[in-house]
Amino acid sequence: METSYFKLSAKRRMMKNHFKCFIVSVFPFMTVLLLTIFNYFLAKVLNGISFNAILLPYAMYIRLLLLATSIILSIFIWKSVQLVVDGYFLSKVHVKNITLRQMIKCITFRQCLTFFLVSIIRFFLSISWFVFYFSPCIAVFCLLLYSYQNENNGFRINLTLFISAVMLLIIGISFLYITLKRYSMCSSVILNDEEKNPLKVIARSAEIMENHSVQYAFYCLSFSGWLLLCLLIIPVIYVVPYFKMSKFCFRNSLGLSKHIEQKEEKPIVFYFPKRVEN
């Protein structure tokens with residue numbers, strides 16, 4: 001299916017709802033901003049609290065424990081908001097008139113916890129893939145520095161090493177970007193399949209994205225021009241929800257069976273009583 005179809009479908013779903021979709025799409029960003037400010041002031045408050053003689057030797061550990069707990073809860077809240085937003089756009093692909101309140105009622109605490117754990121695992125997976133793909137580039141770059149500092153080699157060799165390092169950097173970025181797309185379906189798996197095991201969620205996402213990661217990566221890159229317009233600030237209102245909705249239109253085409261539906265009762269216009277024969 002052509003990618004232009006997904007973009008047109010996203011535009012139809014956003015028709016007369018652009019601003020509402022924009023407000024919903026910036027909720028995760030606003031959540032991060034507010035929680036960062038909260039933790040900053042919490043750190044200042046904890047630093048100003050004086051402890052009695054008994055707790056004074058453990059004051060630093062208590063402050064660190066309270067601050068670490070606050071940060072972990074903040075990340076959990078942020079990921080929960082992100083899951084709700086993802087669910088909103090995923091549902092909007094099927095039900096145009098879905099509301100955020102209805103979406104919040106559909107999300108369970110277990111799903112939020114699973115998404116939180118999945119995000120932690122994805123973070124460490126991202127670091128692992130980063131080290132794997134960028135190791136050749138780092139090795140060649142270190143060799144270039146060693147060669148340049150010791151001046152054992154000529155200009156051509158140093159130039160060759162520099163070009164090789166740049167090419168390996170570009171290749172590493174490309175492969176990392178495509179590889180991380182394998183985990184793009186995690187939120188959809190949690191919302192649709194209601195999988196509770198974080199490892200199975202990631203495995204299921206990788207299975208769905210098999211043979212689609214490259215296509216999805218190029219699909220996301222096709223919005224580069226739109227995203228550059230966000231530098232002008234004003235186009236953000238249109239571009240951000242359009243990009244978000246378009247991504248979920250693409251993901252929806254990959255075959256997840258279930259989705260959240262909004263059921264409406266049909267009004268009875270005419271009622272004909274059943275005729276009783278004597």
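Keep in mind that this is a model prediction, so the values were computed, not measured.
Taken from CZ in R110 to NZ in K196, the straight-line distance is 6.0 Å, to the nearest 0.5 Å. Taken to the nearest 0.5 Å, the CG atom of L64 stands 10.5 Å off from the OG1 atom of T69. Note that the CD atom of Q82 and the OG atom of S119 stand 6.0 Å from one another [nearest 0.5 Å]. The structure places CE of M245 at 7.0 Å from OH of Y88, a figure rounded to the nearest 0.5 Å. With rounding to the nearest 0.5 Å, the separation of CD1 in I171 from CG in L176 is 13.5 Å. Here the OG-CG distance, from S91 to L100, works out to 10.5 Å after rounding to the nearest 0.5 Å.
Residue pairs satisfying the ring-ring contact (aromatic ring centres under 6.0 Å, His included) criterion with at least one member in residues 160-181, sequence neighbours excluded, are listed as follows: Y133-F175. Residue pairs satisfying the salt bridge (charged side-chain N to carboxylate O under 4.0 Å, His left out) criterion with at least one member in residues 65-92, sequence neighbours excluded, are listed as follows: D86-K244. The salt bridge (charged side-chain N to carboxylate O under 4.0 Å, His left out) pairs that include a residue from residues 114-124 number zero, where partners must be two or more places apart or lie in different chains. Evaluation of the ring-ring contact (aromatic ring centres under 6.0 Å, His included) test over residues 15-44, restricted to residues two or more places apart or in two chains, returns H18-Y238.
By the 4.5 Å heavy-atom criterion applied to side chains, L191 and I107 are counted as neighbours. Using a 4.5 Å heavy-atom threshold, the side chains of Y219 and H212 count as separate. In this structure, S222 and F218 have side chains that are not in contact, with every pair of non-hydrogen atoms separated by 4.5 Å or more. With a 4.5 Å cut-off on side-chain heavy atoms, L66 and S70 do not count as touching. A heavy-atom distance below 4.5 Å is found between the side chains of F248 and S188. F76 has its side chain within reach of C112: a pair of non-hydrogen atoms, C-beta onward, lies under 4.5 Å apart.
N197 pairs by the side-chain hydrogen bond (donor to acceptor under 3.5 Å, both in side chains) definition with nothing, not counting sequence neighbours. Qualifying side-chain hydrogen bond (donor to acceptor under 3.5 Å, both in side chains) partners for Y216, counting only residues two or more places apart in sequence or in other chains: R251.
In this structure, C137 and L169 approach most closely via the heavy-atom pair SG-CB, 3.7 Å. Considering all non-hydrogen atoms of both residues, L161 and V140 come closest at O-CG1, 3.4 Å. The minimum heavy-atom distance linking N39 with S74 is given by the pair ND2-OG, 3.0 Å. What you find for L180 and S126 is that their closest heavy atoms are CD2-OG, 3.5 Å.
Defined by atom type and a distance below 3.5 Å, a donor-acceptor pair is missing between the side-chain atoms of S184 and K247.
Environment of CD1 in I49: crowded, with over 12 heavy atoms of neighbouring residues, nucleotides or ligands closer than 6.0 Å.
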**Report entry** Worked check of side-chain contact (heavy atoms from CB on, under 4.5 Å) between F89 and V24
**Finding:** CA-CA 9 Å; F89 281 97; V24 175; 4.2 Å; yes
Query raised in the report: What's the verdict on side-chain contact (heavy atoms from CB on, under 4.5 Å) for I121 and Y183, showing C-alpha distance, side-chain angles and the deciding distance?
Result: CA-CA 11 Å; I121 298 173; Y183 313 126; over 6 Å; no
**Report entry** CA sep, side-chain torsions, deciding dist, call: V93, R13, side-chain contact (heavy atoms from CB on, under 4.5 Å)
**Finding:** CA-CA 7 Å; V93 174; R13 290 296 170 184; 5.5 Å; no
Requested in this report: Before giving the answer on side-chain contact (heavy atoms from CB on, under 4.5 Å), spell out for F115 and S80 the whole-Å C-alpha distance, their side-chain angles and the decisive distance to 0.1 Å.
Outcome: CA-CA 7 Å; F115 188 63; S80 299; over 6 Å; no
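The backbone N or O of F124 sits less than 3.5 Å from a side-chain atom of S128, completing a donor-acceptor pair. Side-chain atoms of N47 do not come within 3.5 Å of backbone N or O of A43 as any donor-acceptor pair. Remark: the backbone N or O of F250 is not paired with any side-chain donor or acceptor of N252 at under 3.5 angstrom. Using modelled atom types, no side-chain atom of S9 and backbone atom of Y5 make a donor-acceptor pair closer than 3.5 Å. In this structure a side-chain-to-backbone donor-acceptor pair under 3.5 Å is present from S205 to R182.
In the hydrophobic cluster analysis, where Ile, Leu, Val, Met, Phe, Trp and Tyr join through side-chain heavy atoms closer than 4.5 angstrom, L227 is grouped together with I173. Criterion: ILVMFWY side-chain heavy atoms under 4.5 Å apart, direct or through other members. Under it, L83 and L73 are not part of a common hydrophobic cluster. Cluster annotation: V84 and I23 are assigned to the same hydrophobic cluster (Ile/Leu/Val/Met/Phe/Trp/Tyr, side-chain heavy-atom contacts under 4.5 Å, transitive). In this structure, M15 is not a member of the same hydrophobic cluster as I237, with clusters built from ILVMFWY side-chain heavy atoms closer than 4.5 Å. Hydrophobic clustering (side-chain heavy atoms under 4.5 Å, transitive across Ile, Leu, Val, Met, Phe, Trp, Tyr) groups V201 together with L199.
Under a cutoff of 6.0 Å and an axis angle of 45°, K7 and F223 form a cation-pi pair.
Note: F243 and W226 fail the aromatic proximity criterion, with ring centroids not under 6.0 Å apart. For F116 and F109, the distance between ring centers is not under 6.0 angstrom.
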